[in-house]
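Chain naming here is simple, since letters A, B, ... match the order of the sequence lines and numbering starts at 1 in each. No hydrogens, no waters, no symmetry mates; every other heavy atom, side chains included, goes into these values.
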Amino acid sequence: MATHKYFFAGFGGQGILMLGQIMAYAAMIEGKEVTFLPSYGPEMRGGTANCTVIVSDGPISCPIIDQATCLVAMNQPSLVKFESLVSPGGHIFLNTSLIEQDVARGDVIVHPIPATDLARDIGEERAANIVMLGAIHKMVGGVKRESLEMALKKVLPESKAHLLALNLTALDAWKQK
Amino acid sequence: MATHKYFFAGFGGQGILMLGQIMAYAAMIEGKEVTFLPSYGPEMRGGTANCTVIVSDGPISCPIIDQATCLVAMNQPSLVKFESLVSPGGHIFLNTSLIEQDVARGDVIVHPIPATDLARDIGEERAANIVMLGAIHKMVGGVKRESLEMALKKVLPESKAHLLALNLTALDAWKQK
Amino acid sequence: MKTVFEYTRGMRPVTTTYCPGCTHGIAHRLVMEVLVEKGLLGDTIGVSPIGCSILSHDYMNVDMCESAHGRAPAVASGIRRALPNKTVFTYQGDGDLASIGAGEIIHAAHRGELFTTIFINNAIYGMTGGQMAPTTLIGQKSTTGVDGRKKEISGMPLRISELLATIDGAVFVERVALNTPANVRKAKKAIEKAFTVQQMGLGFGLVEVLSTCPTNWGLSPVDSMTWLEENMIPYYPLGNFRCPEEVK
Amino acid sequence: MKTVFEYTRGMRPVTTTYCPGCTHGIAHRLVMEVLVEKGLLGDTIGVSPIGCSILSHDYMNVDMCESAHGRAPAVASGIRRALPNKTVFTYQGDGDLASIGAGEIIHAAHRGELFTTIFINNAIYGMTGGQMAPTTLIGQKSTTGVDGRKKEISGMPLRISELLATIDGAVFVERVALNTPANVRKAKKAIEKAFTVQQMGLGFGLVEVLSTCPTNWGLSPVDSMTWLEENMIPYYPLGNFRCPEEVK
Amino acid sequence: MEEKKLMKGNEAFAEAAIRGGCHLYFGYPITPQNEIPEYMSRELSKHGGSFVQAESELAAVNMAYGGALTGHNVFLSSSSPGIALMQEGISFMCSAEIPVVMLNISRGGPGVGGIQPGQADYRQATKGGGNGDYHVPVFAPASVQESVDLIYDAIPIAERYRNPVMILADGMLGQMMEPVTLPEHRAVRSEAELLAEKPWALNGHGDKRERMVIQSLHLKPEELEAHNMHLEEKYQSMRKELPKYQIKNCKDAEIVFVAFGTMSRIVNEAIDQLKTEGITAGLIRPITLWPFPEAAFDEIDPSTKVVISTELAIGQMMEDVKSAVAGRFPVELIYRTGGMVPTPMEVARRAKQILEAIR
Amino acid sequence: MEEKKLMKGNEAFAEAAIRGGCHLYFGYPITPQNEIPEYMSRELSKHGGSFVQAESELAAVNMAYGGALTGHNVFLSSSSPGIALMQEGISFMCSAEIPVVMLNISRGGPGVGGIQPGQADYRQATKGGGNGDYHVPVFAPASVQESVDLIYDAIPIAERYRNPVMILADGMLGQMMEPVTLPEHRAVRSEAELLAEKPWALNGHGDKRERMVIQSLHLKPEELEAHNMHLEEKYQSMRKELPKYQIKNCKDAEIVFVAFGTMSRIVNEAIDQLKTEGITAGLIRPITLWPFPEAAFDEIDPSTKVVISTELAIGQMMEDVKSAVAGRFPVELIYRTGGMVPTPMEVARRAKQILEAIR
Amino acid sequence: MAKGSIRINIDKCKGCELCVASCPKKILKIHDSTLNAMGHHPVSVTDKENCTGCGICGLMCPDGVISVYRED
Amino acid sequence: MAKGSIRINIDKCKGCELCVASCPKKILKIHDSTLNAMGHHPVSVTDKENCTGCGICGLMCPDGVISVYRED
Ligand SMILES: Cc1ncc(C[n+]2csc(CCOP(=O)(O)OP(=O)(O)O)c2C)c(N)n1
Ligand SMILES: Cc1ncc(C[n+]2csc(CCOP(=O)(O)OP(=O)(O)O)c2C)c(N)n1
Ligand code: SF4
Ligand code: SF4
Ligand code: SF4
Ligand code: SF4
């Protein structure tokens, strides 16, 4: 039974929760089991944001994780705080546009992605989360590409439908790095 | 161990609670154990009033009585309602000024006292309670005469101190019946 | 022979537990007369909170519910939102409305809830035995102010009509008194208008009724009427504070 | 070189958690400046109820306690009765004071309690994320009124200063705004007077401070100032509503 | 059956209440349940219902009473201290026999506490802080889907017993997203149908019947006692009819955990972890917290070494667990409090320590 | 020692609080405890204290918090539904660690209920209706004298633990008169002495120390958990130090009654009546209801046939009795509710029936 | 003949005298020697002939005791 | 020489621009290329010479960032 335990972390405003939600939608579209657990509360006001997404072929008992199979750190403090959460052999995606530090551990697979820069290159800095999503999909998997695209459509509010094309481009931007 | 269980009942305004309090004070003055338990609540508004006074040489466990050794019924409804409360061989004091009915039971000692009339005769209808008190003291006992007099002084509010003499007279009015 | 006055069928043919001469009885009757005359008796739900008038549901011939002390305006709001086509009123004492329930009445007015409040101001807590109310007058004795209310300790009495009249949603606010036949007639008119405001959906309406509490004032009913006139009316001036054009 | 402006020692040298441009910070400072200038910093107890400013005790350099949502006026009454020689204030938001705590503020005013209330009216619930407050303007969007407040559903916004000014014990009531340097200076004057009223034992005083909440208004801090000026001030006119002769 | 939807807990709860027929909602903002009033403010008018942002929780509970005494279904939600403010109202509704469905998205306490998830309102919910002899059935869901189902089902339960019913969830359930299948909208009843089903509801006598009264005051103690006995009969029926629980391999478990709500999911995973270490553990998950499902405890194997109450509270449920176990097994406690949530590994580790100390 | 005085319960309670040092009182009228605010309104100013008639019980409990956080002693009283309204405040004071002595002169419930005496606030008092992990010690006097003593003693207990303490009496105790010996007035402490004893109290920093804060909010769950653990330590000390009870011939009793307050006096007389019929019965009288005096139950003779919880409530204390008995004896219930009070004879008769059914 | 007349439901009368005080013709009086079932001395008319049927007594009675009639 | 000068506590600045908007001399500006420890772009002075030391920036700053001085 394949189970992916993603942990997404960054500044508020970096689209962390949206990232988690797209992943969760995509998993649901495929009929997989999924839970999405955001951090909440006033620490979010201008501060940090993070969420846990579990995707599994079988029932998910617990939405809280001891270890993540995949950490996405969109900024420096997130890496510092959550590096130890990753299970041995797990993946860490680094937004190297904002993180200079290296991953200290040697037992994990590190994916350095300059997501913010790549996103800026395609014209929308705030699409860095989608750039990262594309990278995760490619390097870790968990859900299908079509599912991600369908999920993107679901999650984008109507008022932002015109950004769909841009986001689809962002999904592939990791290739440019 | 001598224990007196008095139950005083009548209209609100007939001084039922005062009657009970004087008795309780008198008992305390003598160093006896005593409890005074009034009925309370909105039924008192213009309605009925009653109270239980227990006087004992030994500790009183329970302020609630199954049976009274002495019932004072200042009006008709009180007699009807509480006649059965009296223990066999107990006393019932009837305010015959307001009660026409007879006591149905044969196993109790009945003391008919036209308390309201006697009180009116000495100039204060509202002293009927004290008239009754004098009668009880004479016929049932429980506390000493001096104690009653001292208690009367304690209970009369300062503003009514001038009524003391009248009340002392009332204590003996039962003799006139 | 013409019937000049008869007890309204809006009142149930029972004897109230109110003390002799308590004007709660007059106020009850006026509300019921208005509902009968407007043909609303069968379409009305009343709310009686804790206070001497908690048992008004035994006297008034309409569907009624009790409410926790002070919360009648919230209860009435709930009923009115559930039943947009019915008539709803609360009948509240001054302890109830002006003290513990101050927040609820203000917010019913603030939201402009479509119900009518009959506010019985008798300047005292009746049911609990004569404690000071927010409306107790300076110098007036109460069981929690045996030497009379003092401004330094308890402030000046609260004028509810004046206060509520500052709230936009309280479209009808009038203070009346039950001390004379003329005032009783005016009181009925005010109550009638308040219900008209509700029927027309214009907003929240309140009639403050200066009432007596002979028992806790320690006065005879007749003297209570005089006391009301001489003491309450000067501090609580009678009159209309707000009335929509449509009802004037 | 003369120091024209320096951060008051009444504020602790920490960074607040307020959002950028939130005028809570200005209001805090004004209160503390007044207390410093009056030499009252060491004799003051503040009460901060739940709301964005619950942590004001981390910022203000006076003894402070938290209070349950809305109950600061009751807490302050308790403190003031226990400590008749100290200075006491509450610092309350509009959800706190005007909604859940409406009863408590009215009765503090009613009793003429000798404390000062700083009432931050930012027309929204800040801490909980932008729900409608009693002070939210008609048409203003909130998370519990996404299409903007509607009079038919929620009534007209509550004007607290006008309402409290009808209460005798509220001897000082003034509405100020923090949108311009001139208004900030006036706000400080009003706060100063309110504390003077308390020092002189004249009664209860309240300063309503029109404030911004850029985050929940969805505007930049600078645009928020404009919005305040163009929308709030017309509905909530600035000025003094009550002031004792002694302090004028 | 509808397709699955990925929904945030709080929004799913609100939608479940609407589909269940609660078209009246009265609430006051409080984290972590603000999405509920926000959702209701957007959605209820579409169903001909009414949303009122109450001035306080005290007002909200009394509005709920007012709305529900007309026979309409009312939904009420808040979080821990807000529920504390409703205690007088809850006791009142029990005494007046008014059905309302209430949701507590609980957080850390006591007092204002914090906003992270907690279960320390267990006693508040199950023993009640209102005055007098009364009870409120309390359901404790463990997933968004179960919350939706329990809310939906609670509506007829409240109606049947004419009593408030509470759903006790926590901030985590309110904030997380899971795929849910939403139940069908219950058929809307006409005013006449409603009154036929609820002859006690007030709607005006229409000059067609005697006036009716809904009351809580009974000045004559004889009458109040009779009324309380009538209520007690209902509570006895609830004790028989309502208890609900789930059991996971209690048959030959060394450890039997007892956990509800979010905590039970953590325990579930801890059980899997313990298994890898050769320790067999089972779980009793009370779904009703009141009535507490005592019968579940008869299913524990006599060979079980220890029963562990596992809570986001300091041994609150443990009191009921002890009472149900009645001395048959040692009862131990694993807990976090104040909004802290243990990981499965943490629970497993502490359980192992407890087991070792007993062995 | 002063001479005995015949005093009405409520007035004696108020006087005991004053003599104990509570010179601040905040209250709202409610039957059957109105004599307390009335007495306070007359007497407190004579002691340099302050009486405020609060606008509500909600305001009263928060005024009490405000008064007490300055280090002064505060007394608070109400009756059943009024106490329900204080639940948020009580939980808040526990979390902020503010000592206040509270008196519930309880009546019949639920809801508005009636005003005759009841004990159905047992759960409200002992389990609490506020949110979160907290406890309030509860003392249950059986006579006017004992009430006076317990109120007087509760004041330093509250101070010692920095926690509210509750006295649970009922309307009968409040309304009856018994001779009482009043305790001495405690020495009045100067403001400086008060602050030396209570360094946590707020009084203005006087530019002499750092500003101090009294708080209930802890947004970081780690901090809230640490605070809750600190509170829990206090509760553990209370569990050790506070339990108090009285035992009457439990050594060779067939029946052991458990009863508190007024009810225990009725049981006392019932025991005498049973004796005349050849039945030996004993009594455990919990004086603390929380912590519940579990140790008392170890003194029950193994030959005892039945333990009977005897209450003016429908088996509320019985839950704790069962828990304390832990299966060692059958536990039965004798009760009246809603303000009805049984006579001793009635209790004796029902106890006999129970015993016969068991024999 | 009197212009008006009143009917008194003696059993409901609480003897408060509000009608007595407000009758413009001063023809109402508490009947000291009668006691009704509630224990109150009820009101009675002293001078039937003078009743104008103005209705004021009914208006002021809190307890619905009095009905008032007038000749057409 | 400038009549006035200001000191900016960059670490406390949240970049809200309230001072920028209210400076009568329009000599304050957010420094887009600097980030302080909180992650905000702090304010800076564009034209020191023009500062009159009026104090308005300090008055309007919610966060106690600015001190203002004036030549005597
Ligand atoms: C929560 C609560 N607090 C207090 C009471 C006690 N109580 C009953 S009625 C009442 C006030 C009565 O005064 P008012 O509202 O003025 O009405 P009146 O009796 O004078 O008509 C009070 C305080 C209660 N029932 N519930
Ligand atoms: C009893 C209770 N109900 C609700 C809340 C949730 N709550 C916290 S702060 C707040 C209101 C915040 O708004 P406001 O008072 O206007 O202050 P602001 O945050 O806007 O400064 C609310 C509803 C609470 N803490 N306690
Ligand atoms: S949410 Fe609004 S009120 Fe609160 S700190 Fe942010 S801007 Fe200020
Ligand atoms: S109708 Fe008029 S005149 Fe006749 S008795 Fe009544 S008040 Fe007097
Ligand atoms: S007003 Fe009514 S109750 Fe009073 S005396 Fe006259 S008839 Fe009787
Ligand atoms: S002191 Fe005046 S002129 Fe100088 S920067 Fe500040 S606002 Fe501008």
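Atom CD of residue C/E113 and atom CE of residue E/M63 lie 6.0 Å apart, to the nearest 0.5 angstrom. Atom-to-atom distance recorded for E/L202:CG and C/T44:OG1 is 12.0 Å, nearest 0.5 angstrom. Interatomic distance, CG of E/D207 versus CG of C/L40, reported as 10.5 Å (0.5 Å rounding). With rounding to the nearest 0.5 Å, the separation of CZ in E/F92 from CZ in C/R71 is 11.5 Å. Atoms OG and NE2, on E/S56 and C/H107 in that order, are 8.0 Å from each other to the nearest 0.5 Å.
Within a 6.0 Å sphere centred on NZ of C/K38, heavy atoms belonging to other residues, nucleotides or ligands number more than 12. Counting heavy-atom neighbours within 6.0 Å of C/K189 NZ, excluding the residue itself, gives a total of 12 or less.
If you measure heavy-atom distances from C/R111 to chain E, the contacts under 4.5 Å come from the side chain alone. Interface residue E/L69: only side-chain heavy atoms are found under 4.5 Å from chain C. Of the atoms belonging to E/E88, it is side-chain heavy atoms, and not backbone ones, that fall under 4.5 Å from chain C. Proximity to chain C is limited to the side chain of E/V52, based on heavy atoms less than 4.5 angstrom apart.
Across all non-hydrogen atoms, the minimal contact from E/L217 to C/L55 is CD2-CD2, 4.3 Å. Here the shortest heavy-atom pairing between E/H205 and C/N61 reads NE2-O, 2.7 Å. Across all non-hydrogen atoms, the minimal contact from C/I45 to E/G204 is CD1-N, 3.8 Å. Scanning all heavy atoms of the two residues, the minimum distance from E/G67 to C/A82 falls at O-CB, 3.9 Å. Between C/R81 and E/S50, the closest heavy-atom pair is CD-OG, 3.5 Å.
In terms of modelled atom types and a separation under 3.5 Å, the side chain of C/R12 and the main chain of E/R211 share no donor-acceptor contact. Checking side-chain atoms of C/D63 against main-chain N and O of E/M212 turns up a donor-acceptor pair under 3.5 Å. Between the side chain of C/E66 and the backbone N or O of E/S216 there is at least one donor-acceptor pair closer than 3.5 Å.
Under 4.0 Å is where a charged nitrogen must lie from a carboxylate oxygen, and between E/E191 and C/K86 no such pair does.
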Next item on the list: For the pair C/L83 and E/H72, evaluate side chain to side chain contact (heavy atoms under 4.5 Å, CB included) and give the outcome as yes or no after the intermediate values.
Entry: CA-CA 9 Å; C/L83 302 176; E/H72 288 264; 4.0 Å; yes
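Considering only heavy atoms from C-beta on, C/I54 stays 4.5 Å or farther from E/Q215 through its side chain.
Top candidate by heavy-atom pairs under 4.5 Å with chain E, chosen from C/S77, C/S67, C/A108, C/S48, is C/S67.
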